[in-house]
Amino acid sequence: EVEPHRVRGQPPERAQPALESALAQIERDWAAAAAANDAAKIDGLMAAEYVGNTDGRITPKKQALADMKSGASKTSSAEASDLKVFVAGDTASVHGMWTETSALNGKDTSGTYRFIDTFVKRDGRWVAVATFSTSGPASAKPGGTGRPARSASPSPTAFEPKIETSSTSVSGSSSLT
């Protein structure tokens with residue numbers, strides 16, 4: 001069952017069943033391509049500006065595909081499940097669970113991960129522009145990718161943003177009347 005998508009000021013709406021089914025099939029195709037290490041198929045599912053974010057590590061499409069093509073990222077099984085589709089015009093998100101058996105640079109990165117894929121409709125077809133994934137249940141191993149074909153787990157060339165924070169202190173009193 002797909003949960004309704006809420007748009008501010010509007011009642012919840014369900015994505016059209018055919019559209020839900022089409023986006024869920026893209027996810028299943030992605031899992032099959034990942035398990036086959038089929039970089040060409042995955043390339044076709046991603047927009048040129050695609051970027052993955054796995055546990056805070058940002059990986060652009062080019063790096064994700066390079067890791068797969070070089071054999072640095074290898075997946076022997078992958079499954080997308082628990083899929084929920086939300087649509088707003090020509091933008092959609094698919095939330096789900098990703099389970100894989102995989103390795104990066106010879107290190108086991110197998111596990112189960114929660115993900116959100118963002119798709120846009122271009123020239124009549126849906127392409128992924130972003131993936132966010134994070135370690136899921138206890139079966140996940142630290143450092144796993146969740147989506148090796150999408151986010152190509154940590155690699156030396158992956159972009160790792162530096163986040164600077166500052167805090168301010170305010171003293172005095174205020175009253176709410």
Side-chain angles (χ1 to χ4, degrees), residues 1-7 12-55 57-69 72-104 109-137 139-140 144-153 155 158:
E1 183 69 22
V2 174
E3 295 178 14
H5 171 72
R6 291 182 187 267
V7 176
E13 295 180 19
R14 267 187 66 118
Q16 301 165 358
L19 182 53
E20 292 173 12
S21 182
L23 286 160
Q25 185 59 50
I26 291 170
E27 294 293 349
R28 288 188 289 276
D29 292 346
W30 201 327
N37 295 289
D38 186 345
K41 174 72 174 180
I42 291 169
D43 184 24
L45 298 173
M46 296 174 170
E49 69 275 19
Y50 172 88
V51 64
N53 179 335
T54 299
D55 289 333
R57 295 202 53 114
I58 307 291
T59 306
K61 174 183 178 176
K62 183 178 178 179
Q63 183 63 50
L65 294 174
D67 285 350
M68 181 174 273
K69 290 175 184 177
S73 176
K74 294 180 184 179
T75 303
S76 59
S77 70
E79 178 186 13
S81 62
D82 192 24
L83 301 173
K84 295 179 179 31
V85 177
F86 304 88
V87 179
D90 286 343
T91 304
S93 66
V94 179
H95 299 231
M97 185 72 74
W98 181 269
T99 303
E100 68 179 27
T101 303
S102 61
L104 180 69
T109 55
S110 303
T112 301
Y113 305 85
R114 277 276 170 207
F115 74 89
I116 302 170
D117 282 335
T118 303
F119 291 89
V120 294
K121 191 170 188 178
R122 291 191 181 148
D123 299 322
R125 69 183 203 86
W126 292 96
V127 291
V129 293
T131 294
F132 173 80
S133 62
T134 188
S135 301
S139 65
T145 66
R147 308 297 287 260
R150 298 171 180 216
S151 55
S153 63
S155 70

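No hydrogens, no waters, no symmetry mates; every other heavy atom, side chains included, goes into these values.
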How long is the gap from [atom1] on [X] to [atom2] on [Y], to the nearest 0.5 Å?
X    : Y    : atom1 : atom2 : answer
F86  : E20  : CZ    : CD    : 9.5 Å
K69  : N37  : NZ    : CG    : 13.0 Å
D90  : W126 : CG    : CH2   : 6.0 Å
M68  : K74  : CE    : NZ    : 11.5 Å
L23  : K121 : CG    : NZ    : 9.0 Å
I116 : T134 : CD1   : OG1   : 10.0 Å

Over all heavy atoms of both residues, which pair between [X] and [Y] is shortest? Give the atoms and the distance, please.
X   : Y   : value
A64 : T59 : N-CG2, 3.9 Å
V87 : A92 : CG2-CB, 4.0 Å
A78 : W98 : CB-CZ2, 3.6 Å

| Taking the side chain from D43 and the backbone from L65, do they hold a donor-acceptor pair closer than 3.5 Å? |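 Flag not set: sc D43 to bb L65 has no pair under 3.5 Å.
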| T109 backbone acceptor or donor facing S102 side chain under 3.5 Å |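 It does hold such a pair.
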| task | Answer yes or no: is there a side-chain heavy-atom contact under 4.5 Å between S135 and Y113? | result |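 In short, these two side chains touch, coming nearer than 4.5 Å.
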| field | 4.5 Å side-chain heavy-atom contact, M97 and R114 | value |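 Touching, per the 4.5 Å side-chain cut-off.
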| request: Starting from the C-alpha separation in whole Å, work towards a yes-or-no answer on side chain to side chain contact (heavy atoms under 4.5 Å, CB included) for T131 and W30. | output: CA-CA 12 Å; T131 294; W30 201 327; 4.2 Å; yes
| Short N-O contact, K84 and D82, less than 4.0 angstrom |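 The answer is yes: the pair qualifies as a salt bridge.
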